[in-house]
There are 2 protein chains.
Amino acid sequence: MSQKRMVQIERDILSKNDAYAAKNRQALAEKGVFALNLVSSPGSGKTTLLCRSIGELKAKYPVAVIEGDQQTSFDAERIRATGAPALQINTGKGCHLDAHMVGHALEKLEVQDDSLLLIENVGNLVCPAAFDLGEAGKVVILSVTEGEDKPLKYPDMFRAARLMLLSKVDLLPHLTFDADKAVEYARRVNPALEVIRVSTTSGEGFAEWLAWVEKGLAAAK
Amino acid sequence: MSQKRMVQIERDILSKNDAYAAKNRQALAEKGVFALNLVSSPGSGKTTLLCRSIGELKAKYPVAVIEGDQQTSFDAERIRATGAPALQINTGKGCHLDAHMVGHALEKLEVQDDSLLLIENVGNLVCPAAFDLGEAGKVVILSVTEGEDKPLKYPDMFRAARLMLLSKVDLLPHLTFDADKAVEYARRVNPALEVIRVSTTSGEGFAEWLAWVEKGLAAAK
Ligand SMILES: Nc1nc2c(ncn2[C@@H]2O[C@H](COP(=O)(O)OP(=O)(O)OP(=O)(O)O)[C@@H](O)[C@H]2O)c(=O)[nH]1
Ligand SMILES: Nc1nc2c(ncn2[C@@H]2O[C@H](COP(=O)(O)OP(=O)(O)OP(=O)(O)O)[C@@H](O)[C@H]2O)c(=O)[nH]1
Ligand SMILES: [Mg+2]
Ligand SMILES: [Mg+2]
Ligand SMILES: [Zn+2]
Ligand SMILES: [Zn+2]
């Protein structure tokens, strides 16, 4: 297959995805739902963070979760243990969620008016960057165990995100990671990127992160 | 585009890749080169491990490195600082190395007879699994910071690998990670998988890992 033909196919896939994403976005807006798309490397702490966040938010707002993984329903089960409804999408060979999958998930999942929808993407710092799911924003999670250079080496994802959560900061005393440098690199590829340093283990930064979510919820109403 | 057409396109891409991989494999065999394809999530410690490994092996064997990253030449520069030649491939939007790229890299890179070739793939636990580069084997690196469940949740990569390096074991005292469980999960998807626990920081497991490489080098001669 020629390079030109490949580029054409990719463009077709993305433009079809964008049409589905626009439909999702409209449906979510009509219900006043605030939807976030959580993207990161595998194991940066997405599900652990979601579970704690739901625990702290569920008394005030209805929350629903869409979980994307190649295999297993482990993450959806962890979410359901918090009491929130969760729908698992298994992508099989696939490396990212797309807007069509999310549209079908929205048909099955009970998403209430004026609620929070958390979409955990497949752990992959590359491919999900290109796929709009209809979310209000992408939240990229970078664990301090991954090294400062990731924003420069995987720039598309950091450019696509609205917020970066620098996660697992409780481990900083045991690492050589320079958090200021990581933030500087991230803002070099995306000057408008907001940043919050968090640890789900210690709770550090959670007040700030939850306030950020609540601001989004209020704006989406 | 129909699902059927998509599957057909993917099959075409993979079969073309396999043809290039076969050419690479033959060229490497003729020179007695032992080639490894290092695959993992972003930041599991591939480059750090390669730098230390080269430091310990270079007195005995010639080593060359191909580095795959979306952007920057940081990893190739880190390798060159050890004295080994390194060629950087930037994949841009691409999420994995393919055999065609590696074939061109082999034209440019000085790969000596009876030497070691280390190919560091783009940090991505999904997409590189499907792409044979012509290597003797894939080495998957799983950092203990990523959680035990990764082999079950991202099974293709652990199935495709010959060896798993469980990395950053120096951090175990600060984590809740159960290393035995991680190994059990990895062997559940790939019963033949070899496993070595390593820390590049402390040097734990390095004697075993380097002995594994030397066995491969001897067999490739
Ligand atoms: N030290 C520390 N470990 C954490 C923290 N958050 C999560 N972890 C650990 O990180 C590992 C991965 O956590 P997960 O929540 O499964 O990560 P994930 O991003 O959902 O992983 P995938 O969905 O598989 O990509 C687990 O071993 C967690 O216990 C944190 O704040 N501090
Ligand atoms: N504690 C500890 N940290 C390590 C170890 N090996 C690497 N690191 C740290 O892990 C981070 C990532 O290391 P890299 O070697 O850049 O990882 P990588 O897999 O090459 O990353 P990419 O090529 O960007 O996917 C850095 O901050 C390293 O210092 C180790 O054995 N122990
Ligand atoms: Mg998860
Ligand atoms: Mg690297
Ligand atoms: Zn991909
Ligand atoms: Zn590709």
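In what follows, chains are A, B, ... by sequence order, proteins preceding strands, each numbered from 1. What you see is a predicted model, and the numbers here were worked out from it, not measured in a lab.
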Novice: Select one option (side chain, backbone, both, neither) describing which atoms of A/Lys153 are under 4.5 Å from chain B's heavy atoms.
Specialist: both

Novice: With a cut-off of 6.0 Å (strictly less than), are more than 12 heavy atoms of other residues, nucleotides or ligands near CZ of B/Phe177?
Specialist: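 Yes, enclosed.
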
Novice: At their closest point, which heavy atom of B/Leu125 faces which heavy atom of A/Gln70, and how far apart are they?
Specialist: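 That closest heavy-atom pairing would be O-OE1, 4.4 Å.
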
Novice: Is B/Cys95 close to A/Cys95 at the side-chain level, that is, under 4.5 Å between some pair of heavy atoms?
Specialist: no

Novice: Should B/Val189 and A/Gln71 count as side-chain neighbours, where that means a heavy-atom distance under 4.5 Å?
Specialist: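 Counting from C-beta outward, B/Val189 and A/Gln71 never come under 4.5 Å.
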
Novice: Heavy atoms, side chains only, cut-off 4.5 Å: are B/Thr72 and A/Pro155 in contact?
Specialist: no

Novice: Can you tell me which portion of A/Asp75 sits under 4.5 Å from chain B's heavy atoms? Options are side chain, backbone, both or neither.
Specialist: side chain

Novice: Roughly how far, to the nearest 0.5 Å, is CG of A/Leu175 from CG of B/Asp170?
Specialist: 9.0 Å

Novice: Could you check if a side-chain atom of A/Arg78 sits within less than 4.5 angstrom of a side-chain atom of B/Asp149, using non-hydrogen atoms only?
Specialist: yes

Novice: Name the option with the most non-hydrogen atom pairs under 4.5 Å to chain B; the candidates are A/Pro42, A/Cys127, A/Ala129.
Specialist: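 Highest number of pairs under 4.5 Å: A/Pro42.
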
Novice: Take B/Ser44 and A/Thr145 through the side chain to side chain contact (heavy atoms under 4.5 Å, CB included) test and state the conclusion after the steps.
Specialist: CA-CA 8 Å; B/Ser44 69; A/Thr145 57; over 6 Å; no

Novice: How about A/Leu171 and B/Leu171: do any of their side-chain heavy atoms sit closer than 4.5 Å?
Specialist: no

Novice: Which answer fits A/Tyr154, side chain, backbone, both or neither, if we ask what part of it has an atom under 4.5 Å from a heavy atom of chain B?
Specialist: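 Contact with chain B involves both backbone and side-chain atoms of A/Tyr154.
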
Novice: Look at atom CD of B/Gln26 and say whether more than 12 heavy atoms of other residues, nucleotides or ligands are closer to it than 6.0 Å.
Specialist: no

Novice: Around A/Lys58, counting heavy atoms of other residues, nucleotides and ligands shown, do more than 12 lie under 6.0 Å from its NZ?
Specialist: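 Counting neighbours around NZ of A/Lys58, more than 12 heavy atoms of other residues, nucleotides or ligands fall under 6.0 Å, so yes.
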
Novice: Measuring heavy-atom distances to chain B, does A/Lys168 have an atom under 4.5 Å in its side chain, in its backbone, in both, or in neither?
Specialist: side chain

Novice: Do the non-hydrogen side-chain atoms of B/Val126 and A/Thr91 ever get within less than 4.5 Å of each other?
Specialist: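 Heavy-atom side-chain distance check fails, nothing below 4.5 Å.
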
